[in-house]
Amino acid sequence: MKITTLGIWGGYPKANSATSSFLIEHDGFHCLFDCGSGVLASLQNYIALDSLDAVVISHYHADHIADIGSLQYSRLIQYYLGHPSPPLPIYGHTLDEEQFTKLSYKEQTTAIELAAHQPITIGPFTVTACPTVHPVYCLALKFTVGNQSAVFTADTEWTDALIPFATDADILFSEANLYEEHIGISPGHLAGSQAGTLAEQAGVKQLILTHLPHHGEIQDILHEAKKTFAGPVELAEAGKVYTL
Ligand code: ZN
């Protein structure tokens with residue numbers, strides 16, 4: 001499994017960057033995890049858009065879906081130019097029916113249900129979802145190939161449910177949108193120390209901090225995570241590749 005970081009930001013992208021998103025590949029299959037602002041531009045640094053095989057969406061906040069419309073237009077325009085592609089499957093939960101329906105578009109993309117704790121096969125991956133705690137319904141995702149697994153918390157505040165879900169993962173991509181002083185004040189997100197605690201209690205091999213804030217000194221978030229997780233931990237970095 002090869003995972004490329006496409007973007008690292010929460011809320012909106014900085015200049016020439018993207019919100020938190022990852023390209024997950026194995027055996028020539030290309031799966032995009034989350035598709036917020038700037039992701040479509042970033043993705044084209046690594047693959048052609050018509051090489052994309054599937055998209056998985058954690059939840060329907062704008063910083064996770066903003067570029068879905070542009071992705072759909074890209075396929076429609078290529079269709080008009082005589083380069084049609086088969087409908088692209090976009091996986092998302094169905095608890096927000098209006099948003100789920102928008103994942104389907106003019107036979108260019110097809111919405112497919114992603115349900116908690118019901119493993120599905122997406123290309124070479126077995127994908128499992130676990131509800132998080134966030135102002136809107138959101139799913140953490142686990143991508144497994146053979147005995148290798150990568151877990152993405154997506155957006156969440158602390159929840160014990162993620163400990164068994166992430167147990168023994170080869171790599172954990174945890175959101176870390178908060179500074180320590182914001183724990184309990186800003187609902188729906190984790191601080192660095194909490195991401196570290198999750199990694200430690202789940203016994204993951206490696207921790208990557210993503211969905212980072214636009215204020216303060218983000219190295220402080222890394223510093224706090226190192227206090228609670230004994231394993232290797234780093235801030236997500238656009239373009240960085242992890243091979244499991
Ligand atoms: Zn969110």
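In what follows, residues are counted from 1 in the order of the sequence shown. Order of appearance sets the numbers: ligands from 1, and atoms from 1 within every ligand.
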Engineer: Considering only residues two or more places apart or on different chains, which pairs with a residue in residues 32-48 satisfy side-chain hydrogen bond (donor to acceptor under 3.5 Å, both in side chains)?
Structural biologist: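 For residues 32-48, and leaving out neighbouring residues, the side-chain hydrogen bond (donor to acceptor under 3.5 Å, both in side chains) pairs sorted by first residue read D34-S58, D34-H64.
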Engineer: In total, how many protein N/O/S atoms does one find closer than 2.8 Å to the Zn ion (ligand 1)?
Structural biologist: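 Of the protein's nitrogen, oxygen and sulfur atoms, 4 lie under 2.8 Å from the Zn ion (ligand 1).
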Engineer: What do you reckon, are the aromatic ring centroids of Y60 and Y137 less than 6.0 Å apart?
Structural biologist: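 Y60 vs Y137: aromatic centres not under 6.0 Å.
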Engineer: How about H182 and H189: are their ring centres within less than 6.0 Å of each other?
Structural biologist: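 For H182 and H189, the ring centres are not under 6.0 Å apart.
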Engineer: For the residue pair L207 and A225, what are the closest heavy atoms and their distance?
Structural biologist: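 Scanning both residues completely, I find the closest heavy atoms to be CD2-CB, 4.5 Å.
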Engineer: Quick check on the 6.0 Å ring-centre criterion: do W9 and H211 meet it?
Structural biologist: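 Centroid separation for W9 and H211: 6.0 Å or greater.
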Engineer: So, for H59 and H93, is the gap between ring centers shorter than 6.0 Å?
Structural biologist: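 No, too far apart.
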